2 protein chains.
Amino acid sequence: MPARTNKREQILQAAVLSFGEVGFNSSSLREIAARCGVSHPGLLHHFPSKEALLTAVLEHRDTDERRWFPRSESGLDVLRNLIKLVEHNVTVPGLIGLYVLTAAEATNPAHPAHDYFQRRYARLRRDTRRALHRIRDEGDLHAGVDVEDAATMINALVDGLQVQWLLAPAEVDMPTILRRHLQSLVTRKL
Amino acid sequence: MPARTNKREQILQAAVLSFGEVGFNSSSLREIAARCGVSHPGLLHHFPSKEALLTAVLEHRDTDERRWFPRSESGLDVLRNLIKLVEHNVTVPGLIGLYVLTAAEATNPAHPAHDYFQRRYARLRRDTRRALHRIRDEGDLHAGVDVEDAATMINALVDGLQVQWLLAPAEVDMPTILRRHLQSLVTRKL
DNA sequence: GTCTATACCCGGATAGAC
DNA sequence: GTCTATCCGGGTATAGAC
């Protein structure tokens with residue numbers, strides 16, 4: 001293995017910043033390279049194409065995200081961890097900008113990350129449904145909650161809050177609003 | 001006045017399509033011009049710059065949107081009209097793509113539409129708060145509804161649903177999910 | 001009003017030296 | 001591994017003919 005290659009990591013972080021600010025489409029490899037003190041072909045040595053860089057950024061983000069949802073917890077703990085994740089997110093606005101903008105771009109079927117985001121949202125809805133079913137099995141879900149709708153709604157709420165929060169951080173309290181909504185679904189304290 | 005200039009309208013529609021597909025940043029004036037059978041400088045004759053075109057598109061969209069919210073209605077009717085607007089929106093995915101993507105891009109303070117979207121969301125929250133207060137005054141709001149949070153939430157829900165719907169139209173029923181959420185806030189049938 | 005032609009810049013990607 | 005140099009396409013915008 002190479003002595004100690006943290007250049008990849010530096011490039012990834014610079015890419016997160018750039019993608020978050022102007023999106024994947026408008027980001028330039030030259031600009032990203034300049035941010036971490038490497039030349040444009042130097043960057044392409046580590047990531048063979050711009051699309052490969054995007055893929056690496058998204059996978060990196062996924063890995064980070066999964067750490068917030070360890071296994072063997074109660075259904076309620078999944079919701080609690082989601083709140084914790086959002087509480088963490090307000091400390092990394094660049095990453096949120098990256099996510100919001102890339103997801104919006106990727107609604108276009110021609111975007112290189114289109115399939116990734118289709119699969120991602122299908123998975124998010126499925127995971128949220130599972131958590132809600134588990135909460136119901138544990139007797140903690142309010143009667144009358146439609147699990148299918150609630151799962152779609154929770155993920156929509158998180159996404160929509162991010163846009164408003166990025167535009168007006170002082171006026172939109174993401175974690176609190178999310179917590180109150182989730183609390184309205186369950187009978188026990190979150 | 002000119003004999004009959006609908007070229008502006010044609011260009012606006014082509015711009016909506018292009019902005020909706022790849023966003024403002026990645027759209028090209030040449031491509032937009034080609035869509036409506038005009039040359040690139042021909043387009044610039046009607047709109048002096050790309051940014052002017054974006055402004056015109058957003059104002060055009062605003063005007064259309066306002067038509068869904070006539071005055072002198074009850075608070076509940078505002079929510080009913082919001083549902084009708086979303087029911088209409090599912091018939092114009094290009095416009096929704098434009099909106100989602102432009103809003104995401106505009107979270108960047110350097111984006112030409114940043115101020116527009118900051119003002120827009122402040123206004124949306126204010127208008128939604130007013131409608132909810134009116135519903136409360138009319139005795140139709142459920143007890144325990146926090147108007148401030150509910151207003152932010154409703155707008156976040158609409159935005160977030162759009163992303164999921166664009167990625168999976170068959171799996172996300174925007175109008176129904178919105179209606180059920182709004183119904184959960186009020187005591188009378190929507 | 002709408003065109004052709006063009007100026008000028010920046011994008012992704014590659015070749016090849018060190 | 002990282003560089004310089006370069007290719008080629010495409011971006012906004014302008015000048016000037018018709």
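These numbers were taken from a predicted model, which means no experiment stands behind them. Just so it is clear: chains get the letters A, B, ... in the order the sequence lines come, proteins before strands, and each one is counted from 1.
- Using a 4.0 Å cut-off, some side-chain N or O of B:Ser28 falls inside it from OP1 or OP2 of D:dG11.
- Taking atom CD on B:Glu31 and atom P on D:dG11, their separation rounds to 8 Å, with Å as the unit.
- Between the side chains of B:Ser18 and B:Glu31, a donor-acceptor pair is found at a separation under 3.5 Å.
- One atom, NZ of A:Lys50, and another, C1' of C:dT14, lie 17 Å apart when rounded to the nearest Å.
- If you measure from atom CZ of B:Phe24 to atom C1' of D:dG11, you get 12 Å, rounded to the nearest angstrom.
- Spacing between atom CZ of A:Arg8 and atom P of D:dT2 amounts to 12 Å, rounded to whole angstrom units.
- Atoms CG (B:Leu43) and P (C:dT2) sit 10 Å apart, rounded to a whole Å.
- Considering only side-chain atoms of B:Leu44, the nucleotide from D:dT4, D:dT14, C:dG1 that sits closest is D:dT14.
- Here B:Glu171 does not pair with A:Arg129 in a salt bridge; the nearest charged N to carboxylate O distance is not below 4.0 Å.
- Rounded to an integer number of Å, the gap from A:His45 NE2 to C:dA13 P is 16 Å.
- Checked against the 6.0 Å centroid threshold, A:His111 and A:Phe117 do not count as a close aromatic pair.
- Regarding A:Arg30, its CZ atom lies at a distance of 14 Å from the P atom of D:dT6, rounded to whole Å.
- Side-chain nitrogen and oxygen atoms of A:Lys7 include at least one within less than 4.0 Å of the OP1 or OP2 phosphate oxygen of D:dT2.
- Nucleic acid contact class of A:Leu29 (heavy atoms, under 4.0 Å, all strands): sugar-phosphate only.
- More than 12 heavy atoms of other shown residues, nucleotides or ligands fall within 6.0 angstrom of atom CZ in A:Arg126.
- A:Ser39 has a side-chain polar atom (N or O) that falls below the 4.0 Å cut-off from OP1 or OP2 of D:dC3.
- Counting non-hydrogen atoms of other residues, nucleotides and ligands closer than 6.0 Å to CZ of B:Arg67 gives a total of 12 or fewer.
- Note on A:His46: a side-chain N or O is less than 4.0 Å away from OP1 or OP2 of D:dT2.
- Backbone-only engagement by A:Ser27 is indicated by non-hydrogen atom pairs under 4.0 Å involving sugar-phosphate atoms exclusively.
- Per the geometry, NE2 belonging to B:His40 stands 11 Å off C1' belonging to D:dG10, to the nearest Å.
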